[in-house]
Amino acid sequence: MQASVSLLCIPLPPQFTTRSNSNLRLCGLRKEAFGFCSVSQFQNRGSHWTSVVSRKSRWGRQLVFSASATVADNGSVHPTTFDYDLVIIGAGVGGHGAALHAVEKGLKTAIIEGDVMGGTCVNRGCVPSKALLAVSGRMRELQDEHHMKALGLQIAAAAYDRQAVADHANNLASKIRGNLTNSLKALGVDILTGFGTIVGPQKVKYGKVGLSDNVVTAKDIIIATGSVPFVPKGIEVDGKTVITSDHALKLEFVPDWIAIVGSGYIGLEFSDVYTALGSEVTFIEALDQLMPGFDPEIGKLAQRVLINPRKIDYHTGVFASKITPAKDGKPVIIELIDAKTREPKDTVEVDAALIATGRAPFTKGLGLENINVETQRGFVPVDERMRVIDAVGNLVPHLYCIGDANGKLMLAHAASAQGISVVEQLTGKDHVLNHLSIPAACFTHPEISMVGLTEPQAREKAEREGFEISIAKTSFKANTKALAENEGEGLAKLIYRPDNGEILGVHIFGMHAADLIHEASNAIALGTRVQDIKFAVHAHPTLSEVLDELYKLAKVNPHATKQLCEPVAL
């Protein structure tokens, strides 16, 4: 019996790959010649790398093949040239995700953190806020006598322990922070403590303020320094009665009356927490309507459910030009001016004020001037591959910026996705992240989620590019699982092209909306058309059938043959 043997190219380890789409490769034997085989194992002998392939043939013999190569100075770099293959400045969700993926790809990696592991999301953002929202959701349900009676339940007056609630949020952050640290250490990522500063090409110093700095070199550097709460001029934050989200998450007290400046994600979530715990809330919004970042139809319904029935009033079209903290027995004083005319409008006196006007990039002290990079409104300029752009428009070699610091999409999971995309590029695979496929969610009760374009954005795009759009909508009142939970308040909305079935956007307001959005997100990322996904099978009875109904309602041209275009990164 003779075995036919054909050739296969085995890719080199990441240290051999270049930035281009083509990789250096070594030739070996196809796995079909000797059965299923595992990945080659690479051994480092200084600047000489040897690939050892050990396989068992279908006849039981052990076959061993080896190949070796020395890295030349033709675009590749000797493995011993740098201290690390990759150094990441910032250990938030973005930096952590990039580090994990880098290790998986075989890169020697270090991560620099000047504060605490996990960054804003874990310590002062999404993680502790979800702990508070979990409490507020249960409190709200227990306090809803009508809802409980509809389910046949009788509940005595619900109460809470403020310190225990605060401890729950803090303990969760501590647990997640520990998990992140342990995961990095277990994989061999070096954690360098201190503030990172770029001192030159492929060179970073780090250390605690006032102490001597250490310098490391890296083949590639990723900036992942995140953001901090943005506080407009004229607002005095004392951390007690005038606070940012960083302070609010500690829940040191629950005010009887609190003003929330800004009605976006942060403001909405905290209004949910405070009203459930007994506070009255006043929103102060600069634009003419609340929730300006949401699809208008979803925002209108959300206001009817999340704002109007609760102890919430609001001022729209006004700026908080000056906020003075409470002191000497006086309340917090908020001076309002008309957002358009800048004329004085009103004065509000409350027990506390939460500044929820967004976040600003944390990029000071990075040493960007050492590599001729100028920030734009504090953000590090990057291209669609997260490569940093210098002051004259050129790409800075071996330097990337991900997450809030680049301003493309200020979401923790976007930062992580950007970091993974960068590592893919570093290890030889070109990758561009489609930001329109990244979902967002607001964890109110009920939740709001979205992916892609809002209806006004879609109509503007359609007019600009010359195509039609269609809308499909379905209510949670038509969903069996939602009705079983007595949670029929909600709406799902699909924006699509009837000519080719392209999904332009999906918006959901209702029970577990944040979990439901990912099917639509993945469909956009993969370029799946409505006429294809409508045949997907959803378990019954589940909330996922809200989306199933949405897809089936869509009317696509039966003769549509036009292929979807490649997604464009923002």
Side-chain angles (χ1 to χ4, degrees), residues 115 120 123-126 128-129 132 225-275 279-293 307 312-365 375-379 404-405 407 410 442:
D115 187 14
T120 292
N123 299 284
R124 301 172 299 277
C126 24
S129 69
L132 296 183
T225 48
S227 62
V228 294
F230 170 69
V231 179
K233 293 180 180 179
I235 296 177
E236 181 184 347
V237 174
D238 66 351
K240 296 179 180 180
T241 60
V242 180
I243 59 178
T244 67
S245 56
D246 287 0
H247 307 107
L249 288 167
K250 298 176 182 178
L251 201 69
E252 292 183 346
F253 81 110
V254 178
D256 291 333
W257 187 7
I258 184 169
I260 299 179
V261 183
S263 63
Y265 295 86
I266 298 173
L268 272 179
E269 289 186 352
F270 274 106
S271 76
D272 197 288
V273 170
Y274 281 120
T275 53
S279 300
E280 294 186 32
V281 170
T282 294
F283 271 119
I284 296 172
E285 172 58 55
L287 296 181
D288 291 333
Q289 73 281 341
L290 295 176
M291 296 173 276
I307 305 293
I312 299 176
D313 64 356
Y314 51 88
H315 301 265
T316 57
V318 295
F319 284 124
S321 61
K322 184 178 181 181
I323 299 182
T324 306
K327 53 187 173 183
D328 300 328
K330 296 181 180 179
V332 173
I333 299 174
I334 305 174
E335 298 178 20
L336 303 179
I337 61 173
D338 188 279
K340 296 175 181 176
T341 66
R342 299 298 196 271
E343 294 294 324
K345 190 78 176 284
D346 203 351
T347 299
V348 177
E349 296 182 354
V350 291
D351 299 311
L354 167 63
I355 312 306
T357 47
R359 301 186 64 83
F362 182 62
T363 53
K364 291 183 179 179
T375 61
Q376 300 172 0
R377 295 180 295 110
F379 296 106
D404 289 6
M410 299 179 80
C442 186

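Starting from 1, each residue takes its place in the sequence as its number. None of these values were measured; they are calculated from a predicted model.
- Here CD1 of Ile333 is found 11.5 Å from CD of Glu236. Values are rounded to the nearest 0.5 Å.
- Under the 4.5 Å side-chain criterion, counting only non-hydrogen atoms from C-beta, Glu335 is not in contact with Pro344.
- Thr225 places a side-chain N or O within 3.5 Å of a backbone atom of Phe362 that can act as its donor or acceptor partner.
- Using a 4.5 Å cut-off on side-chain heavy atoms (C-beta onward), Leu268 and Ile307 make contact.
- Counting only heavy atoms from C-beta outward, the side chains of Thr120 and Arg359 approach each other to under 4.5 Å.
- The CG atom of Asp272 lies 12.5 Å from the OH atom of Tyr274; values are rounded to the nearest 0.5 Å.
- Counting only heavy atoms from C-beta outward, the side chains of Ile312 and Ser271 approach each other to under 4.5 Å.
- Listed here is the closest heavy atom pair of Leu287 and Pro292: CD1-CB, 3.3 Å.
- Paired with Pro229 under the rule side-chain contact (heavy atoms from CB on, under 4.5 Å), one option of Ile266, Val237, Thr244 passes, and it is Thr244.
- For the pair Arg342 and Ile337, the tightest heavy-atom approach, listed with the atom from each and the gap, is CD-CD1, 3.7 Å.
- Of all the heavy atoms in Leu336 and Ala320, the pair that sits closest is CD2-CA, 4.0 Å.
- Using a distance-only test at 3.5 Å, with no hydrogens or angles considered, no donor-acceptor pair links the side chain of Thr363 to the main chain of Phe379.
- Screening Val318, Ile323, Val242 for a side-chain contact (heavy atoms from CB on, under 4.5 Å) involving Ile334 leaves a single residue, Ile323.
- When only modelled atom types and interatomic distance are considered, Asp313 and Thr282 share a side-chain donor-acceptor pair under 3.5 Å.
- Annotation: the span from Leu249 atom CG to His247 atom NE2 amounts to 10.5 Å, rounded to 0.5 Å.
- Nearest approach of Asp404 to Gly226, heavy atoms of both residues: CB-C, 3.7 Å.
- Listed for the Thr316 side chain is no donor-acceptor partner under 3.5 Å among the backbone atoms of Gln289.
- Here the closest heavy-atom approach between residue Ser279 and residue Ile258 is recorded as CB-CG2, 4.4 Å.
- Judged purely by atom type and a 3.5 angstrom limit, Ser263 uses its side chain to pair as donor or acceptor with the backbone of Met291.
- Remark: the backbone N or O of Lys240 is paired with a side-chain donor or acceptor of Asp238 at under 3.5 angstrom.
- Looking only at side-chain heavy atoms (C-beta outward), Ile355 and Pro232 come within less than 4.5 Å of each other.
- Separation of atoms CD1 (Ile284) and CG (Leu290) is listed at 11.5 Å; rounding is to 0.5 Å.
- For the atom pair Ser129 OG and Glu269 CD, the distance stands at 5.0 Å (nearest 0.5 Å).
- Taken from OG1 in Thr241 to NZ in Lys330, the straight-line distance is 13.5 Å, to the nearest 0.5 Å.
- Counting heavy-atom neighbours within 6.0 Å of Phe283 CZ, excluding the residue itself, gives a total above 12.
- Smallest separation of non-hydrogen atoms from Ile260 and Phe270: CD1-C, 4.1 Å.
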* Asked: Do Ser245 and Arg124 pass the side chain to side chain contact (heavy atoms under 4.5 Å, CB included) test, and can you show the C-alpha distance, the side-chain angles, and the key distance before you say yes or no?
  -> CA-CA 7 Å; Ser245 56; Arg124 301 172 299 277; over 6 Å; no
